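Taking it in order: structure first as structure tokens, then the write-up.
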There are 4 protein chains.
Amino acid sequence: MLMNPEKSVLLIIDVQTGLAPAIHDGEQVVDNCIWLAGVASRLGVPTVVTEHFPEKIGYTVPRLKEVTTSALFLGKQCFSAQADGCFKGSAVEDRRQVIMCGTEAHVCVQQTALELRWAGKEVFVVAEAAGSRDPANRDLAYARMRSHGIEIVSREMVAFEWLRRGGTAQFREINRDFIR
Amino acid sequence: MLMNPEKSVLLIIDVQTGLAPAIHDGEQVVDNCIWLAGVASRLGVPTVVTEHFPEKIGYTVPRLKEVTTSALFLGKQCFSAQADGCFKGSAVEDRRQVIMCGTEAHVCVQQTALELRWAGKEVFVVAEAAGSRDPANRDLAYARMRSHGIEIVSREMVAFEWLRRGGTAQFREINRDFIR
Amino acid sequence: MLMNPEKSVLLIIDVQTGLAPAIHDGEQVVDNCIWLAGVASRLGVPTVVTEHFPEKIGYTVPRLKEVTTSALFLGKQCFSAQADGCFKGSAVEDRRQVIMCGTEAHVCVQQTALELRWAGKEVFVVAEAAGSRDPANRDLAYARMRSHGIEIVSREMVAFEWLRRGGTAQFREINRDFIR
Amino acid sequence: MLMNPEKSVLLIIDVQTGLAPAIHDGEQVVDNCIWLAGVASRLGVPTVVTEHFPEKIGYTVPRLKEVTTSALFLGKQCFSAQADGCFKGSAVEDRRQVIMCGTEAHVCVQQTALELRWAGKEVFVVAEAAGSRDPANRDLAYARMRSHGIEIVSREMVAFEWLRRGGTAQFREINRDFIR
């Protein structure tokens, strides 16, 4: 089914100070995570943020942290947050559609996405909001995830599917603040 | 099955004055929609045209409107025309194969295509006759639609499958006026 | 299964004097058809050649005709040779694996390939031995055929699967005359 | 499932002195095979190396041989090592996940990968650790293998899935010696 705000959770993976600067097009990846967090917040979609060993790799980058104040933050030690067990009781467990972004596309994003998919979730990875140090790794991850039924989408696909229709006050607000 | 004129409907999505100029390669996308409408008309394939909030975004671009005088025009407010319910009683409901073009590839074209596919239609999107403002969005949409069994075709594939054979008066006419 | 010479037929589609010069990289496409016909002949794989309305579009190009003297030549009027019915009683009917090449990739090759696939054949299209006037059409055809379970292969994949093993007299001969 | 060191075997195909110099980006392909062999060795993953007619094509290139002293070496005459029957009693037979690399991607790697897949194995081919003389052949092989459910992965995907988690002594060692 199309992405639906009442069935969706936004899951931001490991956008941390010790990793983000090494990511290919990293600034843009962070910008796009912020964009998604902003749209999710306006539309009442819950956001979950993971941090991999933050005491070593650093915490979520400040400008993303600023816009995710109401998100649930989860620490993890497994690359796959699903394997880590940290989602128990969170919106990721409750909701059927998991919209994912973050880093690295071919490690923690992909391992989590695959295991969520195998656990029965509809998984969507936002292409321009995920990244790896080497873009060849990211591209291989997108192709591999596609072959497992994970959808590789764009940030606008997310917004327009969540909005579903034009002409509403909500559409005008999102259109003005995010899309134009 | 191959595209068959007796089972097909041509569905042109939202080629409107307020949107077309912003589309990447927009002139060419409109040209290709006109080309498809011309071939459909010669072969007796019904055409349906949607307009998204035309009072805001403008009506179908004039040069396309000129060649679709016998088409059914449908206004809509949902991005997915299928979700909007506007197809009820139209050729899109009656026919098994829906050949799609228009804009934006990753919003209204894709949402409509996916929901028609999930409703059991055979859906074909004509690659060079659909577009988005940002071509990266169009390309992600084509890959995503493919993963749901939607066929991404070219305008010539449509014409040659509808024609099915050479040597007929019909073939010579289409070949002379459209293909050469 | 891998391509097997005892189960294979080589099917060359419409490499005709009136069409070949218009094909993108046409010389190379013809060269590769000749290469495949040569390997097929050495390994005892039957070859079938179609000609679409040869009285209008011209007969098979002479240098390909020279190396297919023992092939079965079939005229046709439908773009899909399978729809035309011309394969009845031929090796295409008898054999399970159809190795295809020729032109145009997105018209007669693709329509025939899809209908053979839907009739239960294992279909392999040799990428560098098929072509269209516009390479964008060829690329869309390859992606579409893949989504229907048709394998897009290279000429060397055909030869090495037919040969199956090294160290034989047959391998040395093919290696010397075709691969090196 | 994700790649798991207890279920995995590393299978290196035909990286031989008479073939490696002709491979596109051949030095890099060998480097990546060495990298994989190193990680496999540290994590206790068994390694199997095939050599195709080594008396003709030469033995495994020395710098790879140096780091695979505890591997099982198998000679073969069929391009597909699976068809050759040489895996009988080896870790390839015992283990469920086969991580493959080597040359040529479109001949011995692909034929072996397809037949292992059809025999029920989970097969992973490491993109940057396999190669062909002509990269177009490699790319066609990757697309074809994908369509049969073979996963095309990167060397880092292998390492991070085998490691599964950060924070361990094992992770620190692999990270220091291979990833950084």
Side-chain angles (χ1 to χ4, degrees), chain A residues 1-5 25 28-29 32 35 39 97 99-101 105 113 117 122-131 135 138-172 174-176 178-180, chain B residues 13-14 16 18-19 22-24 50-58 74-86 103-119 123 130-150 152:
Chain A
M1 63 163 26
L2 298 180
M3 289 172 269
N4 180 319
D25 284 340
Q28 212 173 300
V29 168
N32 288 324
W35 192 95
V39 174
Q97 299 184 317
I99 318 308
M100 294 183 63
C101 58
R117 178 74 190 132
E122 288 184 47
V123 180
F124 304 80
V125 173
V126 185
E128 72 267 53
R138 176 200 60 197
D139 294 345
L140 284 167
Y142 288 173
R144 184 177 173 205
M145 290 192 278
R146 269 195 187 106
S147 75
H148 287 277
I150 291 165
E151 319 230 5
I152 309 300
V153 299
S154 69
R155 68 182 209 180
E156 281 204 4
M157 288 184 202
V158 179
F160 280 104
E161 292 182 30
W162 278 350
L163 286 164
R164 196 77 174 158
R165 57 166 61 239
T168 62
Q170 204 175 48
F171 172 74
R172 279 189 294 272
I174 298 289
N175 191 38
R176 183 193 63 212
F178 292 89
I179 292 169
R180 270 190 198 164
Chain B
I13 300 286
D14 303 354
Q16 294 166 249
L19 178 57
I23 298 301
H24 179 81
T50 64
E51 295 176 320
H52 189 77
F53 260 107
E55 57 281 12
K56 284 249 166 172
I57 301 180
L74 299 170
K76 70 184 178 68
Q77 304 199 340
C78 286
F79 303 124
S80 162
Q82 172 73 353
D84 198 276
C86 62
T103 60
E104 287 193 69
H106 70 297
V107 184
C108 296
V109 172
Q110 179 175 251
Q111 290 192 26
T112 304
L114 287 169
E115 296 206 319
L116 285 170
R117 179 76 190 131
W118 297 331
V123 181
S132 293
R133 286 161 296 142
D134 177 347
N137 274 324
R138 176 201 60 197
D139 295 344
L140 284 167
Y142 288 173
R144 184 177 173 204
M145 290 191 279
R146 268 195 189 107
S147 74
H148 287 277
I150 291 165
I152 309 300

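Owing to the predicted nature of the structure, the values given are computational and were not obtained by experimental measurement. Every chain is numbered from 1, with letters handed out A, B, ... down the list of sequences.
- Here the shortest heavy-atom pairing between A:Met157 and B:His106 reads CG-O, 3.7 Å.
- Here CD of A:Glu156 is found 4.0 Å from CZ of B:Arg133. Values are rounded to the nearest 0.5 Å.
- For A:Glu161, the parts lying near chain B are the backbone and the side chain together; criterion is any non-hydrogen pair under 4.5 Å.
- Between B:Leu140 and A:Val153 the shortest heavy-atom distance is CD1-O, 4.0 Å.
- B:Ala141 touches chain A through backbone and side chain together, each having a heavy atom under 4.5 Å away.
- B:His52 is linked by a ring-ring contact (aromatic ring centres under 6.0 Å, His included) to B:Phe79, counting only residues two or more places apart in sequence or in another chain.
- Side-chain atoms of A:Leu2 and B:Trp118, non-hydrogen and from C-beta on, do get closer than 4.5 Å to each other.
- Counting only residues at least two apart or in different chains, salt bridge (Lys or Arg N to Asp or Glu O under 4.0 Å) contacts with residues 134-143 of chain B are absent.
- Most heavy-atom pairs under 4.5 Å with chain A: of the set B:Lys76, B:Glu104, B:Lys56, B:His148, this distinction falls to B:His148.
- With a 4.5 angstrom heavy-atom cutoff, A:Phe171 touches chain B only via side-chain atoms.
- Of the atoms belonging to A:Arg146, it is side-chain heavy atoms, and not backbone ones, that fall under 4.5 Å from chain B.
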